[in-house]
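Before any comments, here is the structure.
Just so you know, these numbers come straight off a predicted model, no measurement behind them. Proteins come first, then strands; the chains are lettered A, B, ... in the order of their sequence lines, and each starts at number 1.
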Amino acid sequence: MADAVAVHEGLFTTEPRLIGGNCAACGRHQFPRGPLCPYCGSDEVDEALLSPSGTLWMWTAVTAPPPGYRGDVPYGFGVVELPEGLRVITRLAESDPSALTFGQAVTLQLVRLHSDDDGNDVVTWAFG
Amino acid sequence: MRAVEIAGIGLHPFGRFDGKTVTEMGVAAVRQALADADVDRRGFQAAFCGTAYSGVAAGHRVLDALGATGGPIVDVEAGCASGGAAVMMAAAAIASGQYDTVLVFGMEKMPKGIIRSSFFAPWQEEAGLSPAPAYFALRAQRLMRESGVTKDHLADVVVKNRGNGVHNPDAMFRKEATAEDVLASRLVCEPLHLWMLCSPNEGAAALVLRAASTSGGVRVAAAALRSHLPGNVLSEATPMSGLVDDDVTPATTLAADAAYAQAGVGPDDLDVVELQDTDAARELLSYEELGLCPIGGAAKLLDEGATRMDGRLPVNPSGGLLSKGEPLGASALGQLVELTRQLRGDAGPRQVAGAKAALGHTVGRGANASVVILTR
């Protein structure tokens, strides 16, 4: 059984949950978590595990591999609305746009992108 | 503040020119513009060069080749709006009295295929979160949901602009397209097909700006550059997240409002427009964001034929980026070369009769949006 390695540290937990930030000054959320609030400039940004459930807002599918991409095509791509008042750019588990509808409920999952040089599965997040 | 006029224009065609360097293309456009303005190679006091992919001191290489160095030469990078940013800086310098004559040029030799930039982190590319056409597709879907736009409208934009491009010898694509052709081309990212996307390519354009000395010349009535406000997940800033907030004013609208105020010209006063049609939906979105129609009115404006050559406000008479392709640093200046020809009455078979007020618009990476208004 290959080990799973995140495509990048600090984006999601294994549970999985997206690791966002919540500004203590203005209350707005962000993803990924940065050192400052992009809306009010405060440096009081607390870590916030974001809701794993959301609704689909916009979607498409990518049919040709873009530069630097190391996974299969086609793959779903879109925006999911989370209850924290956040819209997140995300990969989608469904790669057929005609199978998706506006406002449908979606749940966070981890998906395999490719195998790295050590034979580990490189994973990223997706909603589906 | 002094009035600013366009004294000269120059253009190297947009396309693919294997074996030709970006410097050679820049030199060609600059020489034309200087000759058109009847300005000597030492007859300008400063130069601003719009480019994104040409490397360090790209503008210097062009002016070195011409023996035209000695004054300030500043490269300006503002994504797709680089040329518009260069015009804004040059026009402000002349208006304030800092310089009398300024050379503005832009050039690019884009890598082939999907535009790649250093903007995204490697992990974003690896995870598939970087492709520009996917972001364009999400904006297109939003327009379809909120403005009554259909895939047929997207095809119609391509048909219109490619039809105009037939008459532009400097365009990359000079063949008419039918809606059937467009919809039969490869699906890139639903709803966008290949022919609905402009091609990154190569080219150069140049302008000589100077303090207005003659009446009847083409005036730079306004040149505005704006960036995005935070919060819109679909803005050209391409953030990884945004807010559930549909009232974030787009960069294009910020730039347009500033330009209309500066020029004392409103959208109803315009005779001809060249605007960002990176993809077919972007043209329709630009109608709304520039105030050429109400929000939600883009499909209706297109359906009425208002933006065709025989309509009340022809848009992209040059064929737009869909016909010309997009060499980033040159694209805004290419628009202004076209609009100067239009206002001079020199646009040949593409001439919009009696054009007196024109608007050029670009928007892209940054986000950066530029709006330049020319009057005569």
Indicate the atoms forming the closest heavy-atom contact of [X] with [Y], along with that distance.
X	Y	result
B:L322	B:C198	CD2-N, 3.8 Å
A:A64	A:V73	C-CG1, 3.8 Å
B:T362	B:S331	CG2-OG, 4.2 Å
B:A256	B:L290	CB-CD2, 3.8 Å
A:Q30	A:P38	NE2-CD, 3.5 Å
A:F12	A:V123	CZ-O, 3.6 Å

Next item on the list: May I ask you to check whether B:T51 and B:E108 show a side-chain donor-acceptor distance below 3.5 Å?
Entry: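 Distance-only check passes for B:T51 and B:E108.
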
Item checked: Check ion pair B:E236-B:R282 (N to O, under 4.0 angstrom) ->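 Salt bridge present between B:E236 and B:R282.
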
Note to self: Under 4.0 Å between a side-chain nitrogen and a carboxylate oxygen: does that hold for B:E283 and B:K160?
What the structure shows: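 A salt bridge links B:E283 with B:K160.
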
Note to self: Shorter than 4.5 Å, heavy atoms on both sides: which option in A:F77, A:W125, A:F31, A:Y75 has the most such pairs with chain B?
What the structure shows: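 Looking at each of A:F77, A:W125, A:F31, A:Y75 in turn, A:F77 comes out on top.
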
Note to self: For B:L234, which atoms come within 4.5 Å of any heavy atom of chain A: side chain, backbone, both, or neither?
What the structure shows: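 Side chain only.
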
Check: With only heavy atoms counted, which part of B:F120 is less than 4.5 Å from chain A, the side chain, the backbone, both or neither?
Finding: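 Nothing of B:F120, per the 4.5 Å heavy-atom cut-off to chain A.
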
Looking at chain A, which one of [options] has the largest number of heavy-atom pairs inside 4.5 Å, strictly under?
options	value
B:R145, B:R186, B:R142	B:R145
B:P122, B:A134, B:A137, B:P191	B:A134
B:A140, B:C189, B:P239	B:C189

Margin query: Report, in residue-number order, which members of residues 84-104 of chain A are under 4.5 Å from chain B by heavy-atom distance.
Written below: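 Counting heavy atoms that sit under 4.5 Å from chain B, the residues of residues 84-104 of chain A involved are A:G85, A:L86, A:R87, A:V88, A:I89, A:T90, A:R91, A:P97, A:F102.
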
Item checked: Proximal component of A:H114, with respect to chain B [non-hydrogen, under 4.5 Å] ->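 Answer is side chain: those atoms of A:H114 sit under 4.5 Å from chain B.
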
Notebook entry, point to check: Quick one: what part of A:V111 sits under 4.5 Å from any heavy atom of chain B, side chain, backbone, both or neither?
Noted result: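 Contact with chain B involves no heavy atom of A:V111 at all.
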
Margin query: So for atom CD, which belongs to A:E47, do other residues, nucleotides or ligands contribute more than 12 heavy atoms lying within a distance under 6.0 Å?
Written below: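 Yes, enclosed.
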
